[in-house]
Amino acid sequence: MRLGTWNVNSLRVRLPHLLDWLRDAKPDVACLQETKTEDANFPVSELRAAGYESVFCGQKSYNGVAILSRTPIADVAYGIPDFADDLKRCIHATVNGVRIVCLYAPNGEAPGTEKYAYKLRWYEALTRWLGQSKVADLAVLGDLNIAPEPRDVHNPKRWEGKIHFSEPERAAFRAVTNVGLKDAFRLFDQPEKQFTWWDYRLNAFDRGWGLRIDHILLSTGLAKRCTGCTIDLAPRRRERPSDHTPVIAELN
DNA sequence: ATGGTGGAAGCTCCA
């Protein structure tokens, strides 16, 4: 079972890239973020023609998440329980016995801002929820907007204390994994300088100025079934790409 | 030079 996650930064613009990626990478389940699409406009039929069922939760202009699957999707739910939030950042559902949680974490703007406080509150609620979960086979995928360690940042000295790499955010990430979730990417030896997001500005992608902020977290049982986790750079190399590129984990 | 680019909406906000 192959699980993928990708912040597409507008599903309308990126639909051709998404269809090509589904054909080439062949994920069984794909979690999407920043669809920026109201539910009435979600491209259900195009994705069905490509072999995928969709569940989604979107809004105009901002945010929006979706789960695509080649096999039936059951027990769809929306949002973090007991965390009131109008923003569409969380959808969860069961596929082949695996509970899939698709997340678009708040960006946080900058430490000290109201959006940063909201990001930390959102993470507290997420950790509380996942910590109470009794689901054995749990996979949390998405744009978590945190680079957990210095090796996940192209220039950790420059980024220290900045948004995505401040210590409170790194602590929030550790709190999530401490409920019993493994960072799938770090289950394996990886090359250095592996990132999932590069700013559109200053030619950051070609310069390698990236961060690893998109993640796949697996419960203990699923981590034992995981045989690989890779970052797929092909979509980021295309014309008019998303600023993020997909991450894929393979489960046996 | 505290810069720059992109998406969506619509003459600005968000990332």
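To find a chain, count down the sequence lines: A is the first, B the second, and so on, and within it residues start at 1.
- Closest-nucleotide positions on DNA chain B for A:Thr35 and A:Trp197 were compared, and the one nearer the 5' end corresponds to A:Thr35.
- Nucleotides B:dC14 and B:dG10 place their C1' atoms 15 Å apart, quoted to the nearest Å.
- A:Leu11 has its CG atom 13 Å from the P atom of B:dG7, to the nearest Å.
- In this structure, NZ of A:Lys115 is placed 6 Å from C1' of B:dC14, rounded to the nearest angstrom.
- A straight line from NE2 of A:His244 to P of B:dC14 spans 17 Å, rounded to a whole angstrom.
- For A:Gln59 and B:dA15, the CD to C1' distance is 14 Å, given to the nearest whole Å.
- Put simply, the side chain of A:Ile163 reaches to within 4.5 Å of the side chain of A:Tyr116, judged on heavy atoms.
- B:dC11 and B:dT5: their P atoms are spaced 23 Å apart (whole Å).
- A:Glu109 has its CD atom 11 Å from the C1' atom of B:dC13, to the nearest Å.
- For the pair A:Ser61 and A:Asn107, nearest-nucleotide mapping onto DNA chain B gives the more 5' position to A:Ser61.
- Residue A:Phe205 is out of contact with every strand shown, counting any heavy-atom pair closer than 4.0 Å.
- At least one side-chain heavy atom of A:Ile248 sits less than 4.5 Å from a side-chain heavy atom of A:Arg2.
- Straight-line distance between the C1' atoms of B:dA9 and B:dA15: roughly 15 Å, to the nearest whole Å.
- For the pair A:Ser219 and A:Leu181, the minimum side-chain heavy-atom distance is below 4.5 Å.
- Rounded to whole Å, atom P of B:dC14 lies 14 Å from atom CD1 of A:Ile163.
- Side-chain contact between A:Val176 and A:Leu126 is present, with at least one heavy-atom pair separated by less than 4.5 Å.
- The aromatic rings of A:His154 and A:Trp159 lie perpendicular to each other, with more than 60° between the two planes, well past the 30° mark.
- Atom OH of A:Tyr116 and atom C1' of B:dC14 are 19 Å apart (whole Å).
- Rounded to whole Å, the P atom of B:dG7 lies 31 Å from the corresponding atom of B:dA1.
- The interatomic distance linking A:Glu114 (CD) with B:dA15 (P) rounds to 13 Å, in whole Å.
- Within the structure, every side-chain polar atom (N or O) of A:Lys60 is placed at least 4.0 Å from both OP1 and OP2 of B:dA9.
- Side chains of A:Ser242 and A:Asn9: a donor-acceptor N/O pair is absent below 3.5 angstrom, by distance only.
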Nucleotides 2-6 of chain B: which of its N/O atoms have a protein N/O under 3.5 Å away?
from: B:dG4; atom 1: N7; to: A:Arg201; atom 2: NH1; distance (Å): 3.4

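- Within the structure, the salt bridge (Lys or Arg N to Asp or Glu O under 4.0 Å) test picks out the following pairs touching residues 62-83 of chain A (sequence neighbours left out): A:Asp28-A:Arg70.
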